[in-house]
Amino acid sequence: MSILTLAQAKAHLRIDGSASDADLLQKIEAAERAAVDYIGCDLYEEDYELAEAIAAVPAELAAAKAVYDASYAAALLIADAELSAMEQEYAATVYARAVYAATRTRQGVVINDTIRASILLILGWLFEVREDGESMPRAARDLLHAYRCYA
């Protein structure tokens, strides 16, 4: 999902022309990923998209649980105790990932102007700062903090 358009990014950075479009598109993607990673939950364009995603969670969890049950049962049939334990652990890990994904969905956030502004701040920072350092500007973290999810 792209939150910012190339035109929005160029306007924010006061860029004319298209010579740096490829670099800019890469930085837009990185800025959006940094914001999503900081928030820690899924982002949606519209309320109805979030509602649809939340409505799908029970079926997705039921399917994941069925896969877990089948995998766990198959793991118990393995004669080698070490291999059986590894397969049981793998089944549990796959199910835990499904639960984590469901939590990220349930705590989802609809994109708003504050989130877009924070992404623009991150984008500007990525565009100007070419060396290693902070992961994102403090102002962007401050704007995003209210939307953080703890899955």
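The structure presented is a predicted model; accordingly, all values stated were derived computationally and were not measured. All heavy atoms count here, side chains included; hydrogens, waters and symmetry mates do not.
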request  = Check the surroundings of atom CD in E52: do more than 12 heavy atoms from other residues, nucleotides or ligands lie under 6.0 Å from it?
outcome  = yes

request  = List the atom of H145, the atom of Y150, and the distance in Å for their closest heavy-atom pair.
outcome  = CE1-OH, 4.0 Å

query = Does V129 share a hydrophobic cluster with L13, counting links as ILVMFWY side-chain heavy atoms below 4.5 Å and allowing steps through other members?
reply = yes

message = On a heavy-atom basis, which atom in N112 and which in T114 lie closest, and how many Å separate them?
response = OD1-N, 3.0 Å

key: CZ/R148: more than 12 non-hydrogen atoms of other groups inside 6.0 Å   = yes

request  = State the CE-CG distance between M86 and D80, to the nearest 0.5 angstrom.
outcome  = 9.0 Å

ask   = Should E45 and R116 count as an ion pair when the cut-off is N to O under 4.0 Å?
value = yes

task = Would you indicate whether the side-chain heavy atoms of W125 and L121 approach each other to under 4.5 Å?
result = no

inquiry  = Just so I know, are the side chains of I15 and S20 near enough to count as touching, which here means a heavy-atom distance under 4.5 Å?
reply    = yes

request  = Could you please spell out the steps behind the side chain to side chain contact (heavy atoms under 4.5 Å, CB included) verdict for Q26 and L126?
outcome  = CA-CA 10 Å; Q26 185 180 32; L126 287 171; over 6 Å; no

task = Ignoring hydrogens and angles, tell me if any N or O in the side chain of E32 forms a donor-acceptor pair with the backbone of I3 under 3.5 Å.
result = yes

task = Identify the two heavy atoms, one from A31 and one from L123, that lie closest to each other, and give their separation to 0.1 Å.
result = CB-N, 3.8 Å

ask   = Which residues pass the side-chain contact (heavy atoms from CB on, under 4.5 Å) test with L25, sequence neighbours left out?
value = L6, I28

ask   = Linking I/L/V/M/F/W/Y whenever any side-chain heavy atoms sit under 4.5 Å apart, do I39 and L143 land together?
value = no

request  = Check Q8 against L120 and note the closest heavy-atom contact, atom names and distance.
outcome  = O-CD2, 4.3 Å

request  = Please check if V109 and Y48 belong to a single hydrophobic cluster, counting links between Ile, Leu, Val, Met, Phe, Trp and Tyr side chain heavy atoms closer than 4.5 Å.
outcome  = no

task = For the pair Q88 and S84, evaluate side chain to side chain donor-acceptor pair (under 3.5 Å) and give the outcome as yes or no after the intermediate values.
result = CA-CA 6 Å; Q88 291 171 39; S84 177; 2.9 Å; yes

Sidechain-backbone polar pair: R106 side chain, I54 backbone, donor-acceptor under 3.5 Å = no

remark   = In this structure, CG of D69 is separated from OH of Y95 (nearest 0.5 Å) by 8.5 Å

ask   = Just by modelled atom types, is the I115 backbone N or O under 3.5 Å from a matching donor or acceptor in the S118 side chain?
value = yes

task = From the options D16, D21, T5, select the one residue that forms a side chain to side chain donor-acceptor pair (under 3.5 Å) with K10.
result = D21

ask   = What heavy-atom pair brings L50 and T105 nearest, and what distance separates the two atoms?
value = CD1-O, 3.6 Å

inquiry  = Can you tell me if D37 has over 12 outside heavy atoms packed within less than 6.0 Å of its CG?
reply    = yes

ask   = Any idea which heavy atoms bring I122 and A140 closest together, and the distance?
value = CG1-CB, 3.6 Å

Heavy-atom side-chain contact between E49 and D42 under 4.5 Å = no

ask   = Can you list every disulfide bond (SG atoms under 2.5 Å apart) pair that touches residues 12-117, not counting sequence neighbours?
value = C41-C149

query = Out of curiosity, M136 CE to I119 CD1, how far, rounded to the nearest 0.5 Å?
reply = 9.5 Å

